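Presented below is the structure to which this report refers.
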Amino acid sequence: MKPSELQQNSAELVLLALLEDGPRHGYELAKLVEAKSASLLQYQVASIYPMLHRLERKGLIQGKWVERADERRRRFYSLTAAGRKALARQRREWLQFFTALNRLTRFRDVPS
Amino acid sequence: MSHPNWNEYVRVRLPQLGLRPERESEVIAELAAEFDQAYLEALQSGASEAEARVAAEGHVRDWNLLADELRAANHRPVAEPDALGRPAGGAWWRGIPQDLAFAWRALRKQPVFAAVSIVTLAFGIGGNTTIFAVADHLLWRALPYSTAARLLSIENTKAGQPEIDSWCSIDNMLEIRQRNRTLEYVAGVSPLWNAVVRGDAEPEHVESLYVSADFFPLLGVNAAVGRVFTREEDDRAKPVAVAVLSHGYWLRRFNGDRNVIGRTFRIDNRVFSVIGVMPADFRWRGEPLAGTATEIQLWLPLAANQLANSRRTVRFLKPVGLVKAGVNEEAARKDLERVGAELIAEHPGDNGGLQFSAVLLQPKVSKRIRPSMQLLLASVAFVLLMASSNVASLLLARGAARRRELSVRVALGASVWRIVQQLVTESLVIAICGGVAGLALAMSALRLLGKFGPAGIVQGARIGLDWRAVLFTGGVVVAATLLAGLAPAIRAALGATGAVMREGRGNIGHPSAARMTLATLQIAFALALVTGAGLLIRSFLNVIQIQPGFQSQGVVSIATQLPPEPNMARRYAMYESMKHALLATPGVVAVGAVSRLPMLGQNLGSLLIVEGRARDQHPPEVEYRVATPSYFGAMGIPLKAGRLFHDRDSSAMLIDEVTAKRHFPNEDPVGKRLMFLANANGPWFTIVGVVGAVRHFGLESEPRPIIYRLAAASPLNAPILVIKTASSSPETTGQWIQPLARVIRQTQPSVATYEMHALEGLVVRSTAERRFLMWVVTAFAAAALLLAAIGFYGAISQSVASRTQEIGVRMALGASPSEVLSMVFAECARVAGLGIVIGLGLSWVAARVAQKLLFLVQPHDALVMVSAVVTLLVAGGIASYAPARRATRVDPLVALREE
């Protein structure tokens with residue numbers, strides 16, 4: 001099975017989870033997604049920034065311009081309190097969903 | 001090479017987002033940082049500056065798509081569906097403004113697609129709005145009064161003869177008014193056939209009705225100037241000669257003078273004074289209408305009718321009742337039947353053989369036109385279905401082309417539901433544009449119908465678009481949106497998730513297969529419409545083949561009204577002097593006169609006694625006409641037996657073939673004697689001859705039996721002059737009318753002339769409604785055929801395009817162009833064949849339903865069915881020719897290289 005089918009609704013959860021450990025900027029998030037998913041997931045520019053903007057408008061994350069010595073000015077995003085709650089809730093929902101799915105399909109028992 | 005200015009790079013490429021300027025530059029800066037990082041990383045991994053630049057620039061390919069997404073994300077906080085794609089908080093509608101804006105931009109990017117879809121839907125929606133407005137006007141709101149839903153026609157018919165019009169006597173009407181318990185008002189309406197207003201100006205025929213004082217309150221209307229009748233003025237013991245004018249007549253005859261109240265005029269020898277003027281929009285649309293009037297000009301109190309004190313056997317009016325609020329129609333009908341039974345029991349002599357009942361007036365008035373309107377409504381709904389499916393077909397193709405864009409959105413986390421909503425919104429925008437254009441189309445169509453539609457039905461009816469029509473159009477827009485947009489949207493959304501394409505290669509899965517299914521259905525619908533049109537065309541051709549029983553060519557008719565003249569000989573002399581003056585006019589061949597003209601549907605029944613026969617329950621009933629001897633020659637009505645009238649044949653009678661066949665089967669009627677039942681002590685009349693049958697009630701009605709009496713023996717107050725001229729075409733006959741009317745007025749200045757016809761026109765007019773129905777349904781069928789052909793063309797084109805590689809391989813393996821051609825045609829034949837089979841089934845059902853409208857044609861007429869199928873096959877052949885040719889021109893090398 002290809003990842004595109006799983007990507008469908010997971011982007012929000014993925015981004016929130018990656019921001020749990022601390023602030024990151026868009027480029028870094030895209031790289032992390034690719035690296036941690038062993039290239040199974042790839043977020044394009046046209047997807048990741050609108051998604052971040054949307055999460056920001058919903059108050060789940062907050063963007064902040066940060067300037068460091070000999071580095072370009074970048075916009076870092078961090079989780080808000082609402083974002084932490086949303087992340088917890090989404091984790092729960094996905095877990096329930098996968099548990100249900102596993103009961104139905106036993107995909108964990110099948111060797112990949 | 002210097003370090004690229006990524007800020008500038010992004011600013012130039014990214015389309016305007018329409019955000020606050022600070023936010024806009026913030027977004028640009030953020031994207032520039034992305035490019036910068038990518039560029040630096042590429043340099044660090046050893047790329048040259050140029051290579052690094054290319055790598056960084058590859059991060060964004062579709063700037064428009066990026067801008068759309070950024071705009072959508074930044075404009076308004078949107079409640080997104082939860083992680084599993086369920087809409088958040090049920091607030092699915094919150095995304096609508098954003099979706100509308102997005103849809104608008106998406107359509108502007110594809111103007112050809114948008115224009116074709118909008119125009120297609122505009123015709124479908126406009127057609128529906130037009131027919132709805134006409135049906136609303138003629139069927140559902142045939143009576144434009146606030147009380148319309150509670151109006152009853154009180155029926156008084158002869159038992160066992162439902163086909164004969166209902167007429168009631170004044171005694172019965174007044175007693176119904178007294179004795180009923182369910183009606184608020186009961187009014188009598190009676191026609192005044194030949195009212196001529198005389199005053200200072202030229203004598204003038206006006207259309208007028210006698211009505212009870214209750215008539216106006218019953219309709220919930222009042223006078224605009226002055227007042228309407230009081231019950232005291234409508235007392236038949238002491239009637240008052242007052243009159244209410246229509247708005248139009250007031251403007252024309254009295255120049256809209258507000259001081260008209262109290263002015264007087266003469267009708268016959270009576271002086272009436274004006275007491276009121278009705279509002280401009282008031283029309284009487286119930287029954288009866290006087291003559292062929294479409295608009296009543298003068299209202300007189302029923303009590304002023306000379307028949308107001310007539311016996312209970314004289315049935316000359318139509319009663320209308322207003323049901324009390326809160327009482328249902330059924331209760332009112334039972335109540336009236338009870339009163340009727342009492343009246344029959346109390347007056348067995350006068351009311352014997354009658355029956356009393358009631359029906360709602362509105363459906364009764366619109367009954368004749370209802371089957372035609374229902375057929376039109378159904379046909380135009382089919383056209384909308386076709387238009388919607390064509391747009392659906394276009395949307396399917398577009399959905400397939402947009403897979404990448406939609407996939408990105410799915411990757412972003414949009415749910416299937418969200419994408420369906422977005423795509424349906426796009427269809428909604430198309431349908432709304434189509435609806436607006438459709439309203440404009442409907443407005444022009446209604447204006448055209450008002451000018452050129454069938455006379456007496458829509459012509460001059462002033463049908464406009466009101467809020468009901470606009471509301472209906474809104475409903476049609478929503479229906480079109482769902483019909484055209486829902487299935488393609490679901491398909492495209494599922495396609496974007498990858499679910500459909502991978503799981504099944506079955507029929508539904510493939511867009512060109514879905515379009516084929518649509519094309520099949522379109523062919524089926526088109527066949528049903530073409531068959532319907534064919535049946536109506538055949539019916540029409542059958543109707544115009546019917547001979548009316550007279551020679552209309554070159555004949556002019558002019559209705560006249562003589563001044564009051566009790567002396568019969570002097571009355572006849574007036575006619576004679578007009579006749580001689582007309583005959584002295586060059587080009588006039590013959591002149592006759594008659595009491596009722598054919599084709600106008602006016603009846604005047606009489607019951608007969610045949611000498612030597614027992615009087616039974618059902619005496620012979622015939623139409624009664626008075627005619628001059630020269631009438632038959634002028635009209636070209638042939639003599640079949642015996643002889644015509646002599647000039648002084650006072651006891652002679654002519655009968656027509658129908659009377660001869662029906663009432664004198666197997667015997668020679670000539671020489672037999674007849675008497676009128678109504679005048680059972682009167683003289684006997686001798687049948688001197690039999691003339692040809694004449695269709696008095698239109699070409700489609702079987703001729704009714706007619707008898708003719710000699711005019712000299714019973715001179716007419718209002719002879720209709722029939723003048724045969726040397727004219728050879730309908731146009732030139734029309735030009736004769738005014739000069740001949742002038743001759744009459746110069747000879748007899750006190751004679752009023754009105755209702756002038758070229759008889760050819762009258763015959764054509766009797767087919768006007770059928771002709772109109774035929775043309776409109778044929779136009780709908782043509783539209784359906786065109787839409788089906790376009791849909792078919794699109795489906796085959798896409799199928800050929802998607803099989804380009806397969807065709808290329810076949811050709812590379814040695815298939816000849818003719819083999820490829822037959823492969824494509826085989827596919828076309830499969831689709832068309834299935835469509836035709838379904839369509840034949842549909843046609844069969846539709847024709848059964850519309851059977852009432854057919855004339856001498858069977859609903860499953862073989863000629864029509866075969867012609868319709870052939871028409872569809874020809875259209876299908878034309879539509880598939882270009883794609884098939886394209887298939888044969890596939891270059892195997894190009895096709896294979898693409899693979």
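Note that these values count all heavy atoms, side chains included, but never hydrogens, waters or copies made by symmetry. Quantities reported herein were computed from a predicted structural model and do not represent experimental measurements.
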What distance separates [X] [atom1] from [Y] [atom2], expressed to the nearest 0.5 Å?
X	Y	atom1	atom2	answer
A:R73	B:D36	CZ	CG	12.5 Å
A:Q44	B:D62	CD	CG	11.5 Å
B:L70	A:R54	CG	CZ	9.5 Å

Determine, stepwise, if the pair B:R71 / A:H53 fulfils side chain to side chain contact (heavy atoms under 4.5 Å, CB included).
-> CA-CA 10 Å; B:R71 266 185 221 117; A:H53 295 173; over 6 Å; no

How far apart are the closest heavy atoms of [X] and [Y], and which atoms are they?
X	Y	answer
B:A33	A:R74	CB-CG, 4.4 Å
A:V45	B:E34	CG2-OE2, 3.4 Å
B:A73	A:P50	CB-O, 3.2 Å

Verdict with reasoning, B:E41 to A:K31, per side chain to side chain contact (heavy atoms under 4.5 Å, CB included) | CA-CA 12 Å; B:E41 248 169 50; A:K31 286 271 157 198; 3.4 Å; yes

Between A:W65 and B:E30, does a side chain to side chain contact (heavy atoms under 4.5 Å, CB included) hold up when you go through it step by step?
-> CA-CA 9 Å; A:W65 287 100; B:E30 188 174 28; 4.1 Å; yes

Tell me, with the steps shown, if B:E26 and A:R75 meet side chain to side chain contact (heavy atoms under 4.5 Å, CB included).
-> CA-CA 9 Å; B:E26 204 171 62; A:R75 194 164 164 81; 3.7 Å; yes

Qualifying residue for side-chain contact (heavy atoms from CB on, under 4.5 Å) with A:Y49, from B:L31, B:V60, B:V27, B:N74 = B:L31

What part of B:A67 lies closer than 4.5 angstrom to a heavy atom of chain A: side chain, backbone, both or neither?
-> neither

Interface moiety of B:L40 toward chain A, non-hydrogen atoms closer than 4.5 Å = neither

Bottom line for A:E28: the part with an atom under 4.5 Å from chain B's heavy atoms is neither

